[in-house]
Amino acid sequence: MKITVVGFWGGYPETGEATSCYLVEYKGMKVVIDLGSGAVSQLQKYSALKDIDAVVFSHYHADHVADIGVMQYSRVVDLGLGRTSDHLIMYGHQEDQKGYDSLTKEGAAEGLPYSSGQTLQLGEMTFSFAPTDHPVPCYAMRVEAAGRSFVYTADTTYLESLEDFSEGTDLLFAETSFYEGQDASKYGHMNSTEAGRLARKAAVKKLVLTHLPHFGDRDELVTEARKEYDGPVELAASGNTYEL
Ligand SMILES: [Zn+2]
Ligand SMILES: [Zn+2]
């Protein structure tokens, strides 16, 4: 599996970058996880839009779904010009009907549901889902292929259930919206030491801090996470790739 950080900001994108968006590829299958603000522009650095097979959404907050409409328009254009004959498949949960309905655009994109009790097979990648604790229904994702795995926490407060869900993964992308000592839970998020604790308790092999804040010295987030976790830790950055 190859994972590319397309966008890593929480809230809004800073200049020339994007909020939450990750490209996951395996054996020719290209799946995008979340499609935040600026994501469609950034994604084209790593793939033609017509080649994206599916998008999987964690939840329907703007910093994760802002580019749904323009991604659908890109498929309208690519279908119209004969660049592809494939509709775009967009997966989301059904606990927000308005959000779920936005995934479908007649003739270009088809919305399909996932749920936490079931796995989703995309090519040779297997997605599974776990509910997080956030002001709106949201799901963390685990992607497995050829015995390797990747976990994305999406947006959440610290949850013990995510320790089991992330157990032993090769790569954990943990949302880190706040610094050590700040109470992230009241906003439905985690801070740096909580991200580190999750990595330690789940015995993950590598930790990447993402969904980053627009304040403070972000390198401090890594230092703080290392107080809890002694494995490799780094900040997500646009264009960073991970081969599993
Ligand atoms: Zn978010
Ligand atoms: Zn959110």
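Atoms within a ligand are numbered from 1 in the order they appear, just like the ligands themselves. If you read the sequence from its start, that first residue is 1, and numbering goes on from there.
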Take Glu228 and Lys201, measure what salt bridge (Lys or Arg N to Asp or Glu O under 4.0 Å) needs, and give me the verdict at the end. CA-CA 9 Å; Glu228 288 277 352; Lys201 295 240 184 172; over 6 Å; no
Could you state the interatomic distance from CG (Leu112) to CD (Gln94), rounded to the nearest 0.5 Å?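 Taking CG in Leu112 and CD in Gln94, the distance rounds to 9.5 Å.
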Ser238 and its side chain to side chain donor-acceptor pair (under 3.5 Å) partner, picked from Glu17, Lys45, Gln42: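 Between Ser238 and the candidates, side chain to side chain donor-acceptor pair (under 3.5 Å) is satisfied uniquely by Glu17.
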Only one of Tyr26, Tyr22, Phe173 passes ring-ring contact (aromatic ring centres under 6.0 Å, His included) with Phe150; say which it is.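 Testing each of Tyr26, Tyr22, Phe173 against Phe150, the sole residue satisfying ring-ring contact (aromatic ring centres under 6.0 Å, His included) is Phe173.
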With respect to Leu221, which candidate in Thr193, Val233, Leu235 satisfies the side-chain contact (heavy atoms from CB on, under 4.5 Å) definition?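 Among Thr193, Val233, Leu235, the one that satisfies the side-chain contact (heavy atoms from CB on, under 4.5 Å) with Leu221 is Leu235.
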Is the distance from the Zn ion (ligand 1) to some N, O or S atom of His189 under 2.8 Å?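 Here the distance criterion (N, O or S atom, under 2.8 Å) is not met by His189, so no.
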Any idea which N/O/S atom from His64 gets closest to the Zn ion (ligand 1)?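 Answer by atom name: NE2.
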Of all N, O or S atoms in [X], identify the one at the shortest distance from the Zn ion (ligand 2).
| X | value |
| --- | --- |
| His61 | ND1 |
| Asp155 | OD2 |
| His134 | NE2 |

Angle at the Zn ion (ligand 1), OD2 of Asp63 to NE2 of His211, rounded to 10 degrees, please.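 That angle is 90°.
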